[in-house]
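Inspection log for the structure reproduced underneath, given as structure tokens.
By convention here, the first residue in the shown sequence is residue 1. In this text, all values refer to a predicted model and were calculated from it rather than measured experimentally. We use all heavy atoms of the structure for the numbers below, so side chains are in, but hydrogens, waters and symmetry mates are not. Numbering of ligands and ligand atoms starts at 1, following listing order.
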Amino acid sequence: MSDIKRVGVLGGGLMGSGIAQVSAASGYTTTVREVSDELCARSRAAIAKSFDKAIEKGKATATDKDAALSRLAFTTSLADLASADIVIEAVVEDLGVKSEMFRELDELCGAETIFASNTSSLTIAEIAAATGRADRFVGMHFFNPVPVMKLVEVVRAIKTSETTVERALAFVASLGKEPIRARDNSGFVVNLLLVPYMIDAIRALESGVASIQDIDKGMMLGAGYPMGPFTLLDFVGLDTTYKIAEIMYDEYREQRYAPPPLLKRMVIAGMYGKKSGLGFYDYSKNPPVPNDIGV
Ligand code: 3HC
């Protein structure tokens, strides 16, 4: 049984909104903190839209949606997270930004409050070091799309107490998710294996092995992946993948984590994938067609 009642979520982007949705749907009073009223409104609208999709798919009812939305609050003030029993951070992958927020919250929150980061590649111990509660600090890594993906990695950093890990595992289970334990190494379990796979697909494309569509088709029909690697890259975000690969390369200094030149150039060109309308596919067309990137 989880002893947690109030949940704070830092960041109302793709991951933060998904986490807040699942939290509110599981009965928790949930407060999302964003940096502007406009971003708060955007997060609320994204959550409402996702609920509509869940209703359409028969996974939720209109009553579930109304009940969950009534448990959700949005704020631009960190102080509104002071009474949270757990604060889950899902802001930009920037150590400075994350550390600063947790440093402030450390002063505001009670001694029992667990701090959790949804980082996919930064070191949990390094973010926790900004606070005086490294023993009550865990990694809690959700997967996109959060309402659909069952897995959450619960990461024990070097100073995290076993009690905190157990509270985090119980909380994750109460969200209807399946937790796995992972160590505080960059990429944890899933990205350690998934990131080299995705960037290998880019290398295969660069070296002319096959087309975008045929590599995607190959991995879907030949290996049973629900999406091919280029559709997945566009879905995760090329900017996000680039940042994660850079952090992992920096940690391990191994070539297999190094972002390929094509990925870097696409990010420079603003081709971030589905969210920007253009990545390995062009989403202005229905159905999307491969983007002509000259490879
Ligand atoms: N809320 C709740 N449930 C929903 C929902 C919503 N908003 N939208 C859809 N669902 C449910 C559907 O009812 C369905 O459930 P069922 O299997 O029990 O019937 C299931 O979710 C799948 O929905 P769809 O049939 O609409 O969608 P697809 O079959 O096209 O699958 C997908 C979509 C789940 C995204 C699938 O393509 C997939 O699994 N892709 C891979 C995603 C992936 O790998 N994510 C991880 C990325 S890596 C990451 O996030 C880590 C980060 O650090 C980079």
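Residue-ligand proximity, Pro145 to ligand 1, at heavy-atom distances under 4.0 Å covers atoms 35 (C). Using a 4.0 Å cut-off to heavy atoms of Leu194, the atoms of ligand 1 that qualify are 48 (S). Listed by atom number, the atoms of ligand 1 under 4.0 Å from Ser120 heavy atoms are 53 (O). Against a heavy-atom cut-off of under 4.0 Å, His141 is close to the following atoms of ligand 1: 51 (C), 52 (C), 53 (O). Using a 4.0 Å cut-off to heavy atoms of Val236, the atoms of ligand 1 that qualify are 47 (C), 48 (S), 54 (C). Close contacts of ligand 1 with Ser50, meaning ligand atoms under 4.0 Å from a residue heavy atom, involve 6 (C), 7 (N).
With hydrogens and angles left out, the side-chain atoms of Asp106 and Thr131 include no donor and acceptor closer than 3.5 Å. Counting only N and O atoms by type, the side chains of Thr164 and Ser161 include a donor and acceptor under 3.5 Å apart. Side chains of Thr61 and Asp64: a donor on one and an acceptor on the other come within 3.5 Å. With 3.5 Å as the limit, one finds a donor-acceptor pair spanning the side chains of Ser50 and Gln21. For the residue pair Tyr257/Asp250, the side-chain donor-acceptor check at 3.5 Å is not satisfied.
For the side chain to side chain contact (heavy atoms under 4.5 Å, CB included) with Ile19, the lone residue among Leu10, Val9, Leu14 that qualifies is Val9.
For atom 45 (N) of ligand 1, the nearest non-hydrogen atom from the set Val146, Asn144, Asn191 belongs to Asn144. Of the candidates Met227, Lys53, Met149, Glu56, Met149 brings a heavy atom nearest to atom 43 (C) of ligand 1. Nearest to atom 16 (P) of ligand 1 by heavy-atom distance, out of Lys243, Lys59, Glu93, Lys57, is Lys59.
The closest approach between any non-hydrogen atom of Met15 and ligand 1 is not below 4.0 Å.
Of all protein heavy atoms, the one closest to atom 49 (C) of ligand 1 is Phe143 CD2, 3.5 Å. Counting only heavy atoms of the protein, atom 2 (C) of ligand 1 lies nearest to Ala54 CB, 3.7 Å.
Of the protein's heavy atoms, none falls inside 4.0 Å of atom 30 (O) of ligand 1.
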N/O donor to acceptor pairs below 3.5 angstrom from side-chain atoms of residues 266-274, sequence neighbours left out:
none

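Counting heavy atoms of neighbouring residues, nucleotides and ligands inside a 6.0 Å radius, atom CD of Glu178 does not exceed 12 of them.
Put simply, the side chain of Glu93 reaches to within 4.5 Å of the side chain of Lys98, judged on heavy atoms.
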